[in-house]
Amino acid sequence: MESVAIAPTATGAHSLEEAVSRELSTLRMSVPGLLSVLVATSDGLPLVGDCRGTDRQTAAAMAAAALGLGGEIAGRIRQGDYCETVTRSSDGYFVTYRIGEIGVLAVVAPTGVSLAMLHHEARTTAARLARLIPPAD
Amino acid sequence: MPRQRHTTLKVVVTGPFNAGKTTLISTISEIPVLTTETSVSDAARERKKRTTVSMDFGRITVAGDPVIELAMFGTPGQARFDFMWNVLSKGMLGYVLMVDVADPSTWAEAGAIRDHFRVLGRVPYVVAANRSDGDDAAPLALRRTLDLPAHVRVVPCNVVEIASAKDVMLALLVDVLSAIEARPASPSAPTPVNAQVG
């Protein structure tokens, strides 16, 4: 059973990290103005990327908390699988998208960004990442 | 016949990774527990396969007048989730510090969590010495390591057992009720939610 964590020393891990980074770059190009993008495991460890305003460890943990609680809410009210959480604040957005069964994509965006466009592109990115990253179990 | 009075008390269950927090709540909750457990992906996986990333929530009712409903909020144990400690501790009237007495390597972490919580709220807490298995020496050593004041109780327990888990919660409840009675009425202090149910 392989861990999701991408260690630079592990065989072939560099290529996976690079592949994830490429997906994040594509997302950034598709939606101009994004402030940060971060991929984390569902138990809150950062894989690739960072988060403006806080350290990446805390950002990864917060994204996983949103994912975990959102998933529980979706299940309890019988609305199927969790997809995303939008935290809209006076000065911007922190949006978390589920990456299959293995993790979460967190995006920090300013108020001016088109949320519809972000959703359209980031959902595609999350789906592609889900196929890219091997599951923990 | 007069309607029964209900009071809801919010308590928090905290402690280090793998101490037994989710188990305590799951063992005694009378409602299906809301849990946010997810697979562990790093080295900690060798100690435990799943961990809480956001919160647990369960409830237990204690008969009496008023009927007391204990709303139990479980925290994540890993330090990177400490922002959830701040969120979940809001309005708490007491907390359980859950510690694995069979694993002294986690005791320093338990002390750090207790120090964090002491700042969050001046409320009573009990130390649940989990996985005691009749060992009297370990709970004493734990008390010394945490440098606990005499009034803070250490409750030896094994929270996979219902009776044992209830012992922990009742010990906390007694201390919480004493603290509420002893406290002068103050608008700023957290007070029980007087939910006149029904």
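Every value quoted in this text rests on a predicted model; they were computed, and no experiment measured them. Every chain is numbered from 1 and lettered A, B, ... according to where its sequence line falls, protein lines coming before strand lines.
Of all heavy-atom pairs spanning B:Thr38 and A:Ser42, the tightest one is CG2-O, 3.3 Å. Closest approach of B:Ser41 and A:Leu45 over heavy atoms only: OG-CD1, 3.5 Å.
Note that CE of B:Met55 is 9.0 Å distant from CD of A:Glu72, once rounded to the nearest 0.5 Å. Here the CD-CZ distance, from A:Gln57 to B:Phe81, works out to 11.5 Å after rounding to the nearest 0.5 Å.
When each of A:Asp43, A:Asp55, A:Thr58 is checked for a side-chain contact (heavy atoms from CB on, under 4.5 Å) with B:Arg80, only A:Asp43 meets the rule.
Environment of CZ in A:Arg52: sparse, with no more than 12 heavy atoms of neighbouring residues, nucleotides or ligands closer than 6.0 Å. In this structure, B:Glu30 places its CD atom where more than 12 heavy-atom neighbours from other residues, nucleotides or ligands lie under 6.0 Å away. The number of heavy-atom neighbours closer than 6.0 Å to CZ of B:Arg153, taken from other residues, nucleotides and ligands shown, is above 12. A 6.0 Å sphere centred on CG of B:Asp115 holds more than 12 heavy atoms belonging to other residues, nucleotides or ligands. Within 6.0 Å of CZ in A:Arg76 there are more than 12 heavy atoms belonging to other residues, nucleotides or ligands.
When heavy atoms are compared at a cutoff of 4.5 Å, B:Pro76 does not approach chain A at all.
A:Val108 and A:Leu27 fall into different hydrophobic clusters, where Ile, Leu, Val, Met, Phe, Trp and Tyr residues are linked whenever their side-chain heavy atoms come under 4.5 Å apart, directly or through other members.
Taking 4.5 Å as the limit, every side-chain heavy atom of A:Glu101 sits out of range of all side-chain heavy atoms of B:Ser39.
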